[in-house]
Amino acid sequence: MLTDRFENALSLAARMHRTQTRKGSGIPYISHLMAVSALVIEYGGDEDQAIAGLLHDAVEDQGGQATADMIRATYGARVADIVLACSDSVQQDKEDWQWRKDRYIASLATKGEDALLVTSCDKLHNATAILTDLREHGPGVFDRFTAKRTGTLWYYRQLADRLAEIRPGPLSDRLAETVGALEAAA
């Protein structure tokens, strides 16, 4: 069961991301965080993992290391470690996109089960949202992304393949199917 810690984390995520929307959609960003957390729970995650699902973008988007330290103090080392493992940058001035993504993909093999669960759920929700938008709005959806069509498809294919290798199972299968549908629709 979820406790007051989860409710507190949901409130924190809503406050931290209240001015953000999903790229090009106008959808409040909190919807992504709630969806990732829900997927974590649906795939057997516990409360710490579900909280990390809510906060997985907080370090990248809302304060870097200071935010990681606050998460550690508030929710414990396990949640903070998961969030950090799911972040491709702690810097607020982000490094080159390709370099960050190459490094992140390479790091998947070293991540623990907690982070792999949250990462898989994050990538599944992102790929599903892109596929939905592609079907509704057409190929212009890729203009929202730094890497455009080619880089975005490359990144999700690499993620799906790597996660299927190191964490095979229903979640990785679902991600691979979604990425395949995304590639076919693109």
Side-chain angles (χ1 to χ4, degrees), residues 1-14 16-17 20 22-23 25 27-62 68 71-72 74-88 101 104-135 152-153 155-185:
M1 298 300 288
L2 301 176
T3 68
D4 290 345
R5 289 176 69 236
F6 181 85
E7 184 178 332
N8 179 276
L10 178 58
S11 178
L12 175 63
M16 291 181 90
H17 297 275
Q20 284 181 270
R22 296 284 287 171
K23 288 182 181 180
S25 71
I27 297 170
Y29 197 76
I30 189 69
S31 67
H32 169 64
L33 304 174
M34 292 186 310
V36 171
S37 185
L39 285 167
V40 167
I41 293 167
E42 289 171 20
Y43 281 93
D46 61 24
E47 184 173 54
D48 280 350
Q49 293 165 324
I51 290 170
L54 290 170
L55 301 175
H56 76 273
D57 281 333
V59 170
E60 272 183 39
D61 296 344
Q62 302 297 326
I71 291 170
R72 185 174 304 279
T74 305
Y75 301 103
R78 184 174 177 221
V79 172
D81 290 346
I82 298 168
V83 170
L84 283 167
C86 292
S87 301
D88 72 10
K101 301 311 178 188
Y104 188 80
I105 292 164
S107 77
L108 289 173
T110 66
K111 295 187 187 306
E113 176 57 26
D114 288 344
L116 289 173
L117 173 61
V118 175
T119 291
S120 296
C121 291
D122 173 33
K123 303 318 178 195
L124 173 58
H125 186 258
N126 283 339
T128 302
I130 296 168
L131 177 59
T132 299
D133 286 351
L134 177 60
R135 288 175 173 161
T152 301
L153 293 175
Y155 181 55
Y156 282 95
R157 171 50 54 206
Q158 294 299 309
L159 288 165
D161 290 351
R162 192 68 183 117
L163 288 165
E165 289 174 21
I166 60 178
R167 193 178 188 277
L171 180 54
S172 292
D173 293 346
R174 187 171 166 193
L175 176 59
E177 289 168 13
T178 303
V179 171
L182 179 60
E183 291 167 329

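Nearest heavy-atom pair across Ile166 and Ala109 is CD1-N, 3.9 Å. Between Val36 and Val118, the shortest heavy-atom distance links the atoms CG1-O, 4.2 Å. The heavy-atom pair separating Ala181 from Arg135 by the smallest distance is CB-NH2, 4.0 Å. In plain terms, the two heavy atoms of Ala58 and Ile71 that are nearest each other are CB-CD1, 4.1 Å. Minimum interatomic distance between Glu60 and Cys86 (heavy atoms only, all atoms of both residues): OE2-O, 3.7 Å. The nearest pair of heavy atoms linking Val40 to Ala50 is CG1-N, 3.7 Å.
For the pair Val79 and Arg5, the minimum side-chain heavy-atom distance is below 4.5 Å. Contact check for Leu10 versus Met34: side-chain heavy atoms found under the 4.5 Å cut-off. Two residues are said to be in side-chain contact when any heavy atoms from C-beta on lie closer than 4.5 Å; Leu175 and Leu163 meet this criterion. Contact annotation: the side chain of Ile30 never approaches that of His17 to less than 4.5 Å [non-hydrogen atoms, C-beta and beyond]. Looking only at side-chain heavy atoms (C-beta outward), Arg157 and Leu182 stay at 4.5 Å or farther from each other.
Expressed to the nearest 0.5 Å, how far CG of Leu131 lies from OH of Tyr156 amounts to 12.0 Å. Atoms CG and OG1, from Leu12 and Thr74 in turn, are 7.0 Å apart once rounded to the nearest 0.5 Å. Distance OG1/Thr178 to CG/Asn126: 11.5 Å, rounded to 0.5 Å. The distance from the CD atom of Glu183 to the OG1 atom of Thr152 is 12.0 Å, given to the nearest 0.5 Å. The NE2 atom of His125 sits 10.5 Å away from the CD1 atom of Ile130 when rounded to the nearest 0.5 Å. The distance from atom CG of Leu39 to atom CG of Leu117, rounded to the nearest 0.5 Å, is 9.0 Å.
Relative orientation of the His32 and His56 rings is perpendicular, given thresholds of 30° and 60° on the angle between their planes.
Thr110 contributes a side-chain N or O that, together with a main-chain N or O of Ser107, makes up a donor-acceptor pair within less than 3.5 Å. Here the side chain of Gln49 pairs a donor or acceptor atom with the backbone of Asp46 at under 3.5 angstrom. Without hydrogens or angle criteria, Glu47 side chain to Thr3 main chain gives a donor-acceptor distance under 3.5 Å. Side-chain atoms of Ser172 never come within 3.5 Å of backbone atoms of Gly169 as a donor-acceptor pair (strictly under, hydrogens ignored). A donor-acceptor pair under 3.5 Å is formed between the side chain of Thr128 and the backbone N or O of Leu124.
Arg162 and Glu165 are joined by a salt bridge, as a carboxylate oxygen and a charged side-chain nitrogen come within less than 4.0 angstrom of each other.
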Quiz prompt | Working for side chain to side chain contact (heavy atoms under 4.5 Å, CB included), residues Asp57 and Gln62 | solution = CA-CA 8 Å; Asp57 281 333; Gln62 302 297 326; over 6 Å; no
Self-check item: Stepwise side chain to side chain contact (heavy atoms under 4.5 Å, CB included) test for Tyr43 and Ser120
Solution: CA-CA 10 Å; Tyr43 281 93; Ser120 296; over 6 Å; no
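The 12-atom threshold is not exceeded at CD of Glu7, counting heavy atoms of other residues, nucleotides or ligands nearer than 6.0 Å.
A donor-acceptor contact closer than 3.5 angstrom links the side chains of Thr119 and Tyr104.
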